[in-house]
Each structure stands twice: as structure tokens, then as C-alpha cells.
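Quick note: residue numbers are just sequence positions, from 1.
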Amino acid sequence: MSHRLFEAKFNTKPYSVLDYKGYKFVHLNNFLGGTQDHTSSEFNPGIGLLGEEQLHWFEAQLQQHKPTFVFVHYPLIQNKATEFADYGLQPLLVKYQETIQLVVSGHRHKWIDYGRIYGPQHYVMAATRYDPNAYMLMEVDTKRATWRFLNESLVDWSTHSSKSYRAI
């Protein structure tokens with residue numbers, strides 16, 4: 001029901017993309033598919049799925065080969081790797097890892113650096129619910145096609161905490 005409500009209220013799918021200055025910011029919804037459907041044999045609300053429609057949409061975004069930042073609620077370790085034969089989120093991340101700049105997720109409420117075990121760099125963010133400094137400041141240089149995580153050195157990895165950022 002929440003997905004129908006989202007579409008009715010915002011007139012869009014519960015996943016989206018923002019194209020900005022040659023970059024893509026893709027927001028995926030890992031609450032689609034059988035793991036969230038209590039009538040499905042796949043039912044397991046602790047595991048995320050994108051569903052076939054969203055997977056095809058996501059690949060179409062990646063096929064444009066624009067530098068892309070991906071945001072998804074569950075960390076990749078909690079998303080089913082493949083959904084249809086060998087097609088799924090993780091194979092797409094590996095296939096387009098040169099295009100994908102970073103994958104950011106949440107849910108765990110702690111800072112976790114998964115490195116590149118899923119292809120592109122993957123961070124789990126802590127939550128401002130537990131620490132008001134738990135946010136990521138990113139600087140994207142569209143001319144040089146580079147980005148950096150400005151407050152990365154202030155993150156206390158594997159905890160909920162970060163030190164306060166002060167611009168110099």
C-alpha cells in the first residue's frame with residue numbers, strides 16, 4: 001500500500017533519479033519484490049529486492065554511462081544478489097562499477113565501509129537519529145569528474161558517531 005500511496009501523492013514510482021550537471025543520483029527501493037510480500041514463498045522482510053521493473057529501469061540509467069551515485073536503504077549484504085537467473089542488483093553493480101562512483105545505504109545506523117567487495121565503493125551511513133553529526137558531506141567537481149567525502153576523517157567507523165565538521 002505504501003508504494004501505491006507514494007505514487008498517488010508524488011505521481012512517481014517509489015524509486016527515482018536526479019540528473020544534475022552530468023551526474024546521476026539514483027535512489028533505489030529495496031522494498032519491492034517477494035521478500036516484502038507476506039503471501040510469497042520468498043517472504044523475508046530482512047532481505048531487500050528491487051523487482052524486475054526497477055532492475056530494468058536501473059540498468060537503463062546505468063547504460064547512459066554518466067557518473068552515478070546510488071542510494072538504497074538496506075546495505076548490499078541485506079539485498080538479494082540476484083533476482084532472476086543471474087540478473088540482479090549485485091551483478092549490475094559489478095557490470096557498471098566504472099560508472100558507479102559510490103553506493104550509500106543505511107538501515108544499520110552505524111558507519112560501515114564495505115570497500116569494493118560489491119564492485120563500486122559501498123558505505124553504510126550512521127543515522128542522525130543517534131548522532132547529529134552522522135552525515136556525509138560530498139564535494140563533486142564536474143569539470144575534473146572527481147568527488148570526495150569531505151568529512152570521512154571525522155567518521156568513527158563501526159560506531160554511530162562522527163565528529164563535527166568545520167569547514168576551513
Side-chain angles (χ1 to χ4, degrees), residues 6 10 12-33 35-36 45-51 54-55 57-83 88-142 144-165 167:
F6 190 93
F10 299 111
T12 189
K13 298 281 185 194
Y15 47 90
S16 62
V17 62
L18 171 67
D19 282 287
Y20 187 72
K21 294 188 176 185
Y23 282 77
K24 286 187 169 286
F25 299 86
V26 176
H27 298 264
L28 298 175
N29 184 337
N30 63 223
F31 297 108
L32 301 174
T35 58
Q36 306 302 311
I47 301 295
L49 285 178
L50 300 184
Q54 184 180 193
L55 283 169
W57 172 86
F58 181 43
E59 185 165 27
Q61 298 300 319
L62 295 171
Q63 286 172 338
Q64 295 174 24
H65 297 287
K66 291 182 180 178
T68 302
F69 292 85
V70 178
F71 302 89
V72 61
H73 183 77
Y74 280 169
L76 296 176
I77 197 167
Q78 281 184 253
N79 280 281
K80 194 170 178 185
T82 58
E83 297 185 36
L89 178 58
Q90 291 181 20
L92 288 175
L93 295 175
V94 170
K95 182 177 179 179
Y96 295 97
Q97 65 185 308
E98 298 305 317
T99 296
I100 300 169
Q101 307 298 296
L102 177 67
V103 177
V104 179
S105 63
H107 189 68
R108 294 265 175 100
H109 300 227
K110 289 184 179 182
W111 292 102
I112 302 170
D113 180 354
Y114 279 104
R116 296 183 177 278
I117 63 173
Y118 297 99
Q121 176 65 51
H122 173 41
Y123 291 131
V124 178
M125 284 183 62
T128 55
R129 172 182 179 187
Y130 300 109
D131 178 0
N133 295 310
Y135 51 83
M136 294 176 79
L137 289 174
M138 306 298 288
E139 179 180 74
V140 178
D141 185 331
T142 58
R144 292 188 179 129
T146 60
W147 65 274
R148 65 187 181 118
F149 179 2
L150 293 174
N151 58 326
E152 183 177 13
S153 66
L154 302 175
V155 168
D156 190 4
W157 294 100
S158 300
T159 75
H160 298 89
S161 302
S162 303
K163 293 180 180 76
S164 181
Y165 178 80

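- A donor atom on one side chain and an acceptor atom on the other are found under 3.5 Å apart for His107 and His73.
- Side-chain atoms of Asp141 come within 3.5 Å of backbone atoms of Arg144 as a donor-acceptor pair (strictly under, hydrogens ignored).
- Between Val103 and Gln121 the shortest side-chain heavy-atom distance does not fall below 4.5 Å.
- Pairing each heavy atom of Thr159 with each of Asp156, the nearest pair is OG1-O, 2.5 Å.
- The two residues Ala127 and His109 make their nearest non-hydrogen contact at CB-ND1, 3.7 Å.
- To the nearest 0.5 angstrom, Leu102 atom CG is 6.0 Å from Phe69 atom CZ.
- Looking only at atom types and distance, the side chain of Gln36 has no donor-acceptor partner in the side chain of Asn30 under 3.5 Å away.
- Side-chain contact check for Ser162 and Trp111: at least one donor-acceptor pair (N or O, by modelled atom type) lies under 3.5 Å.
- Going from atom CD of Gln63 over to atom CG of Leu92 covers 9.0 Å, rounded to the nearest 0.5 Å.
- Judged purely by atom type and a 3.5 angstrom limit, Asn151 uses its side chain to pair as donor or acceptor with the backbone of Tyr135.
- Between Asn29 and Leu50, every side-chain heavy-atom pair lies at or beyond the 4.5 Å cut-off.
- For Asn79 (side chain) and Pro75 (main-chain N/O), a donor-acceptor pair under 3.5 Å exists by modelled atom type.
- Rounded to the nearest 0.5 angstrom, Asn133 CG and His160 NE2 are separated by 14.5 Å.
- Distance alone, capped at 3.5 Å, is enough to place a donor-acceptor pair between the Gln78 side chain and the Gly46 backbone.
- Between atom CE of residue Met136 and atom CZ of residue Phe149 there is a gap of 4.0 Å, rounded to the nearest 0.5 Å.
- Residues Tyr15 and Leu32 are in side-chain contact: their nearest non-hydrogen atoms beyond the backbone lie under 4.5 Å apart.
- Judged by distance alone, the side chains of Glu152 and Tyr123 do bring a donor and an acceptor atom under 3.5 Å apart.
- Exactly one of Gln61, His65, Gln101 qualifies for a side chain to side chain donor-acceptor pair (under 3.5 Å) with Lys24. That residue is Gln61.
- Closest non-hydrogen pair, Leu55 versus Gly88, comes out as CD2-C, 3.7 Å.
- In this structure, Thr99 contributes its side chain and Gln97 its backbone to no donor-acceptor pair below 3.5 Å.
- Annotation: Lys110, atom NZ; neighbour count of heavy atoms from other residues, nucleotides and ligands within 6.0 Å does not exceed 12.
- Not one N or O on the side chain of His122 forms a donor-acceptor pair closer than 3.5 Å with the backbone of Tyr114.
- Taking all atoms of both residues into account, the shortest heavy-atom contact from Pro91 to Thr82 is CG-CG2, 3.6 Å.
- Here the side chain of Glu83 pairs a donor or acceptor atom with the backbone of Gly51 at under 3.5 angstrom.
- Looking at heavy atoms from C-beta onward, Trp157 lies out of side-chain contact with Ile112 at the 4.5 angstrom threshold.
- The distance from atom CG of Asp131 to atom OG of Ser164, rounded to the nearest 0.5 Å, is 9.0 Å.
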>> Set out, in order, the CA-CA distance, both residues' side-chain angles and the distance that settles ring pair (Phe, Tyr, Trp, His ring centres under 6.0 Å) for Phe31 and Tyr74, then state yes or no.
In response: CA-CA 9 Å; Phe31 297 108; Tyr74 280 169; 5.1 Å; yes
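- Side-chain atoms of Gln90 come within 3.5 Å of backbone atoms of Leu76 as a donor-acceptor pair (strictly under, hydrogens ignored).
- A heavy-atom distance below 4.5 Å is found between the side chains of Val26 and Trp57.
- A pairwise comparison of heavy atoms in Ala134 and Met125 identifies O-CE, 4.0 Å as the closest pair.
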> Phe58 and Leu89: side-chain contact (heavy atoms from CB on, under 4.5 Å), yes or no, with the steps?
Replying inline: CA-CA 9 Å; Phe58 181 43; Leu89 178 58; 3.8 Å; yes
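- Residues Val104 and Val70 have side chains not in contact (no heavy-atom distance under 4.5 Å, counting atoms from C-beta outward).
- Of all the heavy atoms in Val124 and Gly106, the pair that sits closest is CG1-O, 3.4 Å.
- Of the possible donor and acceptor atoms, one in the side chain of Thr35 sits under 3.5 Å from a partner among the backbone N and O of Ile47.
- A side-chain donor from one of Glu59 and Tyr96 sits under 3.5 Å from a side-chain acceptor of the other.
- Considering OG1 of Thr68 and CG of Leu62, their distance stands at 5.5 Å, rounded to 0.5 Å.
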